[in-house]
Enquirer: 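Take this structure first; my questions come after.
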Protein chains: 2
Amino acid sequence: MISERQFLRAYDASAFDRVSVTVDVVLLSVADGGLHALVHRRAEHPCRDKWALPGGFVQLAESLDAAAARVLRDKAGLEDVFVEQLYTFGEPCRDPRTRVISVGYYALVDITRFEQAHAAREDVISAQIVVPWKGERGGAVQLFGDQKQTLDVAFDHAEIIGAAVKRIRGKLGYAPIGFEFLPKRFTLLDLRQVHEAVLGRRLNKDSFRRTVLASGLVRATGQRERAVDHRPAELFRFNRKEARA
Amino acid sequence: MISERQFLRAYDASAFDRVSVTVDVVLLSVADGGLHALVHRRAEHPCRDKWALPGGFVQLAESLDAAAARVLRDKAGLEDVFVEQLYTFGEPCRDPRTRVISVGYYALVDITRFEQAHAAREDVISAQIVVPWKGERGGAVQLFGDQKQTLDVAFDHAEIIGAAVKRIRGKLGYAPIGFEFLPKRFTLLDLRQVHEAVLGRRLNKDSFRRTVLASGLVRATGQRERAVDHRPAELFRFNRKEARA
DNA sequence: ACACTTAGATGCTCCATACATATATGTAGT
DNA sequence: ACTACATATATGTATGGAGCATCTAAGTGT
């Protein structure tokens, strides 16, 4: 274990006109009517014991997208995930060690894969927890744990999470990204609840239904949900071909 | 003058796990019913004589936004410009010298300032020309000069320009960015022509008028345009206060 | 058989935009 | 001064999507 002071000295010595570039991934999912982001507790300086996004340095021969995929594979055990670049954060002092520019990404998974990622890497990273995002207050992103406990977030990662949420909120209106939060088969209620969770407000049941059916983005499977104590809803699939057109 | 070969050797020698980060700015304006981007002819290797975006390396103690503002000041003679981060381009071989990651920015100015930027720096950069953007063909961005001459664009800068155009096209629908292309006072025809140029299609005259007036984003000045051989239109101003709300 | 719950369909209203028409206000020509 | 012309500006109408209410369908539990 080395001190933060030692860290700073070691990094400063190698700093010239080149900088380090990292990729930080906001892994998002929807559960219990809210958005959740995956964070882990940092085991080392700097920001030790604070909560941080999974991330890693970009390798020399590796594209940014590849780095994001690698981070998801190594730190969350996930492959073939919907992932897109978000924004690049480059304030000179965002990392106390040296100049580190972070290219933010966001990834969207259904709750099953999210739980897998949550459980997968307890050996490598000390802990990973689910953090519901409750909205902004005074311009700053607020993260809450189970009992509305404010999280102590490392670096500028709260800002990155906030930017990710803002981005998918906007994108939900014109891009078929809600499906990424759902399993292969889902009911229209599931889809609407995803949208409500992302947007943070209730949506009209019938309008949502009509809009989605008219969009051609979903295809009925003929199957129905099971083990419900009411009329079972039909199960739909995401119509990826239509989404491209 | 040194050769491309010398360049590669010099840069390879200093390459380890850190990378260079540049900022490239797509300076856009609207004229003659089309979007124009500012590019200059590179005087040095690599990509000598090809057309490139104004850009520069990010300094160690400088934020990304500050780097973009510096590039605009030094290479285009512009200050206080609307500028926003676009996307970060990081393919390993996008620069033949070494690993260079480029944070793309876009800046929007009215045609007067664009002409200023065009004329300002002929001493430093060999030439700067206006490039109308005509649309995509086969997925790749096509750049045309005066006589539909396809430009030979340096690095992946055609991709960056294409991304900028796509971004402002989408953003025009929900953000007040069309005003950035206009002088302080403008007619509603001016504003509509800006929107048409950006979107690449005609808009309904009356609907546009009603929508804009109802948005509260413009404030009538009471003045009218002059020296036109028809009924003069009223001059409006961008209502920045309303835009924030 | 009946109550209960949610799914799913249908009709109506409201609002924003596209489209059409009418009027206003300047210049230019006679 | 009058008229032709061009564009600005205003108003009316149709269309389509979203919100809202109501009705029927199809399961479970008593």
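In what follows, chains carry the letters A, B, and so on, assigned in the order in which the sequence lines appear, proteins first and then strands, with residues in each chain numbered from 1.
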Enquirer: Taking atom C1' of C/dA7 as reference, at what distance in whole Å does atom CZ of A/F236 sit?
Expert: 10 Å

Enquirer: Answer whether the closest heavy-atom distance between the side chains of B/F236 and B/T221 falls below 4.5 Å.
Expert: no

Enquirer: Under 3.5 Å, which donor-acceptor pairs link side chains of residues 26-34 of chain A to any protein atom two or more places apart or in another chain?
Expert:
from  : atom 1 : to     : atom 2 : distance (Å)
A/S29 : OG     : A/V109 : O      : 2.8
A/S29 : OG     : A/I111 : N      : 3.4

Enquirer: Roughly how many Å is it from CZ in A/R209 to C1' in D/dG17, rounded to a whole number?
Expert: 17 Å

Enquirer: In whole Å, I'd like the distance from the CZ atom of B/F208 to the P atom of D/dA10.
Expert: 15 Å

Enquirer: Whole angstroms only, please: what is the CG-C1' distance between A/L203 and D/dA18?
Expert: 11 Å

Enquirer: Round to the nearest Å and state the distance from B/R192 atom CZ to C/dT17 atom P.
Expert: 15 Å

Enquirer: Does a salt bridge link A/E84 with A/K171, judged by any charged N lying under 4.0 Å from a carboxylate O?
Expert: yes

Enquirer: In this structure, how many angstroms lie between the P atom of C/dA7 and the CG atom of A/L213, rounded?
Expert: 13 Å

Enquirer: Taking CD from A/E225 and P from C/dT6, how many angstroms apart are they, rounded to a whole number?
Expert: 11 Å

Enquirer: Taking CZ from A/R201 and P from D/dA18, how many angstroms apart are they, rounded to a whole number?
Expert: 12 Å

Enquirer: At under 4.0 Å between heavy atoms, what does B/T187 touch on the DNA or RNA strands: base, sugar-phosphate, or nothing?
Expert: nothing

Enquirer: With a cut-off of 3.5 Å and sequence neighbours excluded, list every side-chain donor-acceptor pair involving residues 182-192 of chain A.
Expert:
from   : atom 1 : to     : atom 2 : distance (Å)
A/R185 : NE     : A/Q223 : OE1    : 3.2
A/T187 : OG1    : A/L189 : N      : 3.4
A/T187 : OG1    : A/D190 : N      : 3.1
A/T187 : OG1    : A/D190 : OD2    : 3.1
A/D190 : OD2    : A/T187 : N      : 3.0
A/R192 : NH1    : A/E196 : OE2    : 3.2

Enquirer: Within a strict 4.5 Å, meaning less than it, do heavy atoms of the B/Y87 and A/Y87 side chains meet?
Expert: no

Enquirer: Which distance, rounded to the nearest 0.5 Å, do you find between the CZ of A/R113 and the CD of A/E115?
Expert: 13.5 Å

Enquirer: Mind checking if B/L189 touches a base, just sugar-phosphate, or nothing, with heavy atoms under 4.0 Å?
Expert: sugar-phosphate

Enquirer: If a protein heavy atom is under 4.0 Å from the base, mark B; if only from the sugar-phosphate, S; if neither, -; do that for nucleotides 20-30 of chain D going 5' to 3'.
Expert: BB---BBBS--

